[in-house]
Amino acid sequence: MTRTPPQNKQVIALVNGDDSVADSLLKLNLNGRQVRRFANGIELANAWLEDHIYISAIISQSEVMTPGGIPLLETLKIKRMPNVPFFLLSVHLSANLRKLALDAGVVDIFRLPLNGEHLETRLNFLIDNWSRLKGNLVRKVPAIKKTPLGKRIFDIVFAGMVLLCISPLLLLVYIAIKLESRGPAFYYSLRVGTGYGVFKFYKFRSMYVNSDQRIMDLKHLNQYAIDAQGKKTQSVEDNTNFLCNDCRSYGKCQFPLHADTVTWCEKQYIDSKKAGGDSAFFKIKDDPRITKVGAFIRGTSIDELPQLWNVIIGDMSIVGNRPLPLYEAEKLTTDKYALRFAAPAGITGLWQVEKRGKSEMSEEERLELDNYYAEHHSIWNDAKVILKTIPALLQKEKV
């Protein structure tokens with residue numbers, strides 16, 4: 001049994017915390033425990049393992065579904081780090097997001113700006129009583145339907161054969177992307193798949209990397225917020241590099257796309273393209289950030305081909321429910337729609353082949369199809385979806 005060190009040797013880890021939060025924590029009475037800042041979860045894990053520090057609690061300044069939230073907690077569990085109280089400090093919080101976080105093992109969430117007195121009381125109590133409390137914390141997750149062995153074998157064989165056959169095409173696309181614009185040919189973004197698991201989702205790059213500079217030339221689309229009546233409001237030009245509304249309060253992107261050393265925002269100027277609605281799904285039509293090669297590979301779905309690698313490594317299946325960006329998944333945490341995350345994530349699925357290209361396709365119908373697949377997926381049903389996929393891809397309407 002490991003002996004607990006004295007309180008003045010215990011460390012409360014603050015992950016991704018800004019200066020104001022750090023200053024607030026330093027003013028709290030934490031019974032002699034030290035507060036140590038970490039830029040991200042990787043830095044925390046490395047210090048935990050290499051420096052042998054005693055972490056008594058973790059406080060992450062993050063939204064529930066962004067990398068410092070549930071994904072960080074899951075990563076620490078996978079790395080088999082010691083089980084300590086994990087807190088979140090968030091700006092945007094709803095009852096459903098709170099329930100999702102607590103079910104995942106987060107012990108408490110505090111809304112920013114921070115109420116230091118409440119955090120101090122809760123923090124000290126949980127640390128002092130953690131050995132007795134942690135055994136009573138049971139994680140609840142949607143009932144995940146296990147991927148059949150036959151489906152997994154098919155996925156590996158099918159994806160491997162396709163990658164081998166289309167390797168010349170992949171090489172040509174790679175060269176075309178590199179010739180048209182500077183930047184990497186591939187990128188990844190974080191997606192939410194089976195059981196709300198977060199993974200790296202690979203694609204060919206179809207946008208200019210310097211999208212922030214291009215948006216400066218589109219002031220009528222991006223520099224002004226548009227309210228529900230379609231009226232322009234005050235300019236939002238500031239020092240936040242034309243971030244979307246969800247990211248601007250942080251001063252940095254919360255929904256990044258990554259490629260080598262380049263990062264750009266997936267949600268840039270999305271608020272100006274949405275007509276005041278709160279839909280969980282959206283597409284930007286005729287996006288000026290898209291390259292000429294990008295328009296072609298998007299229209300032919302070639303940009304999706306790198307996802308075959310996600311299938312090979314087990315993040316996805318050939319057929320399943322489409323994995324969602326974090327900011328879309330966090331809107332689908334109610335009991336009614338959490339079921340869709342019990343199924344395997346897939347490249348193609350029911351909604352693509354049943355409703356693809358039809359103008360009457362509603363968000364409600366798409367979600368119902370996702371739920372239906374979660375309850376009825378099988379190798380035979382997957383085969384029927386695959387047979388319908390090619391005709392669906394040939395339809396002219398983009399989705």
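In what follows, residues are counted from 1 in the order of the sequence shown.
Between Phe86 and Gly69, the shortest heavy-atom contact is CZ-O, 3.9 Å. In this structure, Ser56 and Val84 approach most closely via the heavy-atom pair O-CB, 3.8 Å. When all heavy atoms are compared, the tightest approach of Val319 to Gly349 is CG1-CA, 4.4 Å. A pairwise comparison of heavy atoms in Ser24 and Leu114 identifies CB-CD2, 4.2 Å as the closest pair. Between Asn321 and Ala343, the closest heavy-atom pair is ND2-CB, 3.7 Å. Heavy-atom minimum distance, Ser62 versus Ser90: O-OG, 2.7 Å.
A salt bridge links Glu304 with Lys203: the distance from a Lys NZ or Arg NE/NH1/NH2 to an Asp or Glu carboxylate oxygen falls below 4.0 Å. A salt bridge links Arg37 with Asp19: the distance from a Lys NZ or Arg NE/NH1/NH2 to an Asp or Glu carboxylate oxygen falls below 4.0 Å.
Checking side-chain atoms of Lys178 against main-chain N and O of Gly183 turns up a donor-acceptor pair under 3.5 Å. No donor-acceptor pair under 3.5 Å is formed between the side chain of Asp51 and the backbone N or O of Ile53. Listed for the Trp130 side chain is a donor-acceptor partner under 3.5 Å among the backbone atoms of Asn83. Looking only at distances, a side-chain donor or acceptor of Arg111 sits under 3.5 Å from a matching main-chain atom of Val91. Side-chain atoms of Asn124 come within 3.5 Å of backbone atoms of Glu120 as a donor-acceptor pair (strictly under, hydrogens ignored). Put simply, the side chain of Ser301 never gets that close to the backbone of Ile297: no donor and acceptor are under 3.5 Å apart. Checking side-chain atoms of His377 against main-chain N and O of Tyr373 turns up no donor-acceptor pair under 3.5 Å. Judged by distance alone, with hydrogens and angles left aside, the side-chain atoms of Arg152 form no donor-acceptor pair with the main-chain N or O of Ser317 at under 3.5 Å.
Under the 4.5 Å side-chain heavy-atom criterion for Ile, Leu, Val, Met, Phe, Trp and Tyr, Leu14 and Leu26 are members of the same hydrophobic cluster. Under the 4.5 Å side-chain heavy-atom criterion for ILVMFWY residues, no single connected hydrophobic cluster contains both Met81 and Ile42. Both Ile347 and Leu169 belong to a common hydrophobic cluster when Ile, Leu, Val, Met, Phe, Trp and Tyr are linked at side-chain heavy-atom distances under 4.5 angstrom.
Taking 4.5 Å as the limit, every side-chain heavy atom of Met316 sits out of range of all side-chain heavy atoms of Thr194. Using a 4.5 Å heavy-atom cutoff, the side chains of Asn16 and Asn40 are not in contact. Using a 4.5 Å heavy-atom threshold, the side chains of Leu190 and Pro67 count as touching. Residues Asp155 and Ile312 have side chains not in contact (no heavy-atom distance under 4.5 Å, counting atoms from C-beta outward). Looking only at side-chain heavy atoms (C-beta outward), Asn46 and Phe38 stay at 4.5 Å or farther from each other. Annotation: side chain of Arg122 is in contact with side chain of Phe87 (closest heavy-atom distance under 4.5 Å). Contact annotation: the side chain of Arg98 approaches that of Asp108 to within less than 4.5 Å [non-hydrogen atoms, C-beta and beyond]. In this structure, Arg191 and Phe199 have side chains that are in contact, with non-hydrogen atoms separated by less than 4.5 Å.
A side-chain contact (heavy atoms from CB on, under 4.5 Å) with Val15 holds for exactly one of Ile59, Leu89, Leu44; it is Leu44. Checked options Leu308, Ile156, Val162; the residue passing with Ile318 is Leu308 (criterion: side-chain contact (heavy atoms from CB on, under 4.5 Å)). Partner of Asp128 under the side-chain contact (heavy atoms from CB on, under 4.5 Å) criterion, chosen from Asn31, Leu123, Leu133: Asn31.
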- [ ] Let me see the working for Leu25 and Ile12 under side chain to side chain contact (heavy atoms under 4.5 Å, CB included), right down to the final yes or no.
- [x] CA-CA 10 Å; Leu25 290 180; Ile12 296 174; 5.6 Å; no

Open item on the list: Let's go through Arg298 and Ile290 carefully: what are the C-alpha distance in whole Å and the side-chain angles of both, what is the deciding distance for side chain to side chain contact (heavy atoms under 4.5 Å, CB included) to 0.1 Å, and is it a yes or a no?
Closed with: CA-CA 9 Å; Arg298 280 190 173 197; Ile290 300 175; 3.2 Å; yes

Task: side chain to side chain contact (heavy atoms under 4.5 Å, CB included) evaluation trace for Leu112 with Gln61 - done: CA-CA 9 Å; Leu112 294 172; Gln61 185 175 344; 3.7 Å; yes

- [ ] Run the numbers on Thr291 and Arg205 for side-chain hydrogen bond (donor to acceptor under 3.5 Å, both in side chains), then give the verdict.
- [x] CA-CA 9 Å; Thr291 64; Arg205 178 173 61 85; 5.8 Å; no

Open item on the list: Run the side-chain hydrogen bond (donor to acceptor under 3.5 Å, both in side chains) test on Ser20 and Asp23 for me, step by step, so that the C-alpha distance in whole Å, both residues' side-chain angles and the decisive distance to 0.1 Å come before the verdict.
Closed with: CA-CA 5 Å; Ser20 63; Asp23 291 341; over 6 Å; no

- [ ] Go through Gln34 and Gln10 one step at a time and tell me if the side chain to side chain contact (heavy atoms under 4.5 Å, CB included) criterion holds.
- [x] CA-CA 6 Å; Gln34 306 171 36; Gln10 297 179 26; over 6 Å; no

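Checked against the 6.0 Å centroid threshold, Phe186 and Tyr202 do not count as a close aromatic pair.
Note that the CG atom of Leu126 and the CZ atom of Arg132 stand 11.0 Å from one another [nearest 0.5 Å]. One finds the CG atom of Asp315 at 10.5 Å from the CZ atom of Phe201 (value rounded to the nearest 0.5 Å). Taking CE of Met207 as the reference point, atom CG of Asp303 lies at 10.0 Å (rounded to 0.5 Å). Leu30 contributes atom CG, which lies 5.0 Å from atom CG of Leu28 (distance to the nearest 0.5 angstrom). In this structure, the separation between CZ on Phe110 and CG on Leu88 is 10.5 Å, given to the nearest 0.5 Å. Taken from NE2 in His376 to CG in Leu350, the straight-line distance is 10.5 Å, to the nearest 0.5 Å.
For Phe296, the ring pair (Phe, Tyr, Trp, His ring centres under 6.0 Å) test picks out no residue, with sequence neighbours left out. For Val11, the side-chain contact (heavy atoms from CB on, under 4.5 Å) criterion is met by Arg36, Ile55, not counting sequence neighbours.
Hydrophobic cluster of Ile153: the remaining members, joined at side-chain heavy-atom separations below 4.5 Å, are Leu149, Val157, Met161, listed by chain and number.
Surrounding CD1 of Ile379 are more than 12 heavy atoms belonging to other residues, nucleotides or ligands, all under 6.0 Å away.
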